Amino acid sequence: MSPIEEVIINKKSNINPIWIMRQAGRYLPEFREIRKQNPDFIKLCLNEKLSSEITLQPLKRFDLDAAIIFSDILMLPYGLNQSVEFKKNMGPLLGEIDLKKISKVEEVNFVEKLSPVYQLIKLVSSSQFTNNKTTIGFVGAPWTLLVYMMNKKSPKLNLNENFFEDKHLIDKVLKVLDKFLKIHIKNQVDNGAQVIQIFDSWAGLLKEKDLPYYIYNPTLDLVDYIKSLNVPVICFPRGIKNYKKFCEIVKPDTICIDYEVDPTEINKQINIPVQGGMDPKVLLSSKENLKKEATKYLDIFKDHPYIFNLGHGVLPDTDPNMMDYLVKTVKDY
């Protein structure tokens, strides 16, 4: 059993495995080389040879305990025939949502369209570089995918004013998402994903009264499904504020926390394994500060099953040497 599975399944608290969200990506020069030759992000995600190589790049450099597949949560709307493109400095741009079109998508066509993602998982999970390490697959949570599909872009500033107007459309899209998220998860697990992480990047946009309908209920449904496949599930409801309530209702195997919550409170309130927390900006500071901040999290969770990670993805201007220093600091703790 890999160190991450030891923490999640056996609740071990005397080890500190580490992996980092977006550990395969723009801060690595070897990734930038590949990206230069492959400007179309979706095509790159669907090139299993290159995407598996990218997934393994950080494991060749650092003593990390997991490979997280190089893919994107928006591969799901792409699989549902909604247009998805990534524009430089603009993030993702999605086309109009056509309910008739997405409702007609057949499972066989969806799986065929995303089959390179599943092949990538097969290549990664059988690689020598993932020996005694965990291969992590992932999906976007229903709410976050709904936001992208209906907002058609990142809601960094805010949601479109009329976002909640068409309740019928929202209901239908959530039903389609539930069906195809389960198909996407099953295919990842069948091809070697040992853990699934659910990213709810925009959980913080909702008011408390809307959480049951948009987050708690649909995410619980997915969590139950993943557990039925005998695979552990990590949830990351970024910005949710009340992590305790989320854990009580959704019951993930592990909760990933953002950098805006107090880790001391999380340690007191939450019994399940915890992952993450440190602000990615710490990696842009000095080695002394990095060691201090990393050690703070390790100290707080020293008697709690804990997987070291950040409270969001690694930033593109991070120095790989700082990442190396972080991994060594955690391993030497």
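These numbers were taken from a predicted model, which means no experiment stands behind them.
- When side chains are defined from C-beta on, Asn187 does not count as touching Leu114, because their heavy atoms never get closer than 4.5 Å.
- Within the 4.5 Å cutoff, the side chain of Glu96 has heavy atoms near those of the Lys152 side chain.
- Lys60 NZ: more than 12 foreign heavy atoms inside a 6.0 Å radius.
- The ring of Tyr214 has its center closer than 6.0 angstrom to the ring center of Phe164.
- Within 6.0 Å of NZ on Lys207 lie no more than 12 heavy atoms contributed by other residues, nucleotides or ligands.
- Note on Glu208 versus Lys245: salt bridge recorded, some NZ/NE/NH1/NH2 to OD/OE distance being below 4.0 Å.
- Classified by interplanar angle (parallel below 30°, tilted 30° to 60°, perpendicular above 60°), the ring pair Tyr297/Tyr306 is parallel.
- For Lys281, the salt bridge (Lys or Arg N to Asp or Glu O under 4.0 Å) test picks out Asp279, with sequence neighbours left out.
- Residue Glu112 qualifies as open at atom CD: its count of foreign heavy atoms under 6.0 Å is 12 or below.
- Residues Pro92 and Phe86 meet the side-chain proximity criterion, which asks for heavy atoms closer than 4.5 Å.
- Counting heavy atoms of neighbouring residues, nucleotides and ligands inside a 6.0 Å radius, atom NZ of Lys244 does not exceed 12 of them.
- Proximity of Leu169 to Met150: side-chain heavy atoms (C-beta onward) are separated by under 4.5 Å at one or more points.
- Annotation: Arg26, atom CZ; neighbour count of heavy atoms from other residues, nucleotides and ligands within 6.0 Å does not exceed 12.
- A donor and an acceptor atom, one from each side chain of Thr134 and Ser2, are located under 3.5 Å apart.
- Taking 4.5 Å as the limit, every side-chain heavy atom of Lys113 sits out of range of all side-chain heavy atoms of Val105.
- When hydrophobic residues (I, L, V, M, F, W, Y) are linked wherever their side-chain heavy atoms come within less than 4.5 Å, Val108 remains an isolated member.
- Proximity of the aromatic rings of His184 and Tyr118 is defined here by a centroid distance below 6.0 angstrom, and this criterion is met.
- A donor-acceptor pair is defined here as one N or O able to donate and one able to accept, closer than 3.5 Å; no such pair exists between the side chain of Ser127 and the backbone of Leu123.
- Note on ring orientation: taking the six-membered ring where Trp is involved, the planes of Phe180 and Phe110 are tilted (angle from 30° to 60°).
- Taking the six-membered ring for Trp and the full ring otherwise, Phe308 and Tyr333 have centroids separated by 6.0 Å or more.
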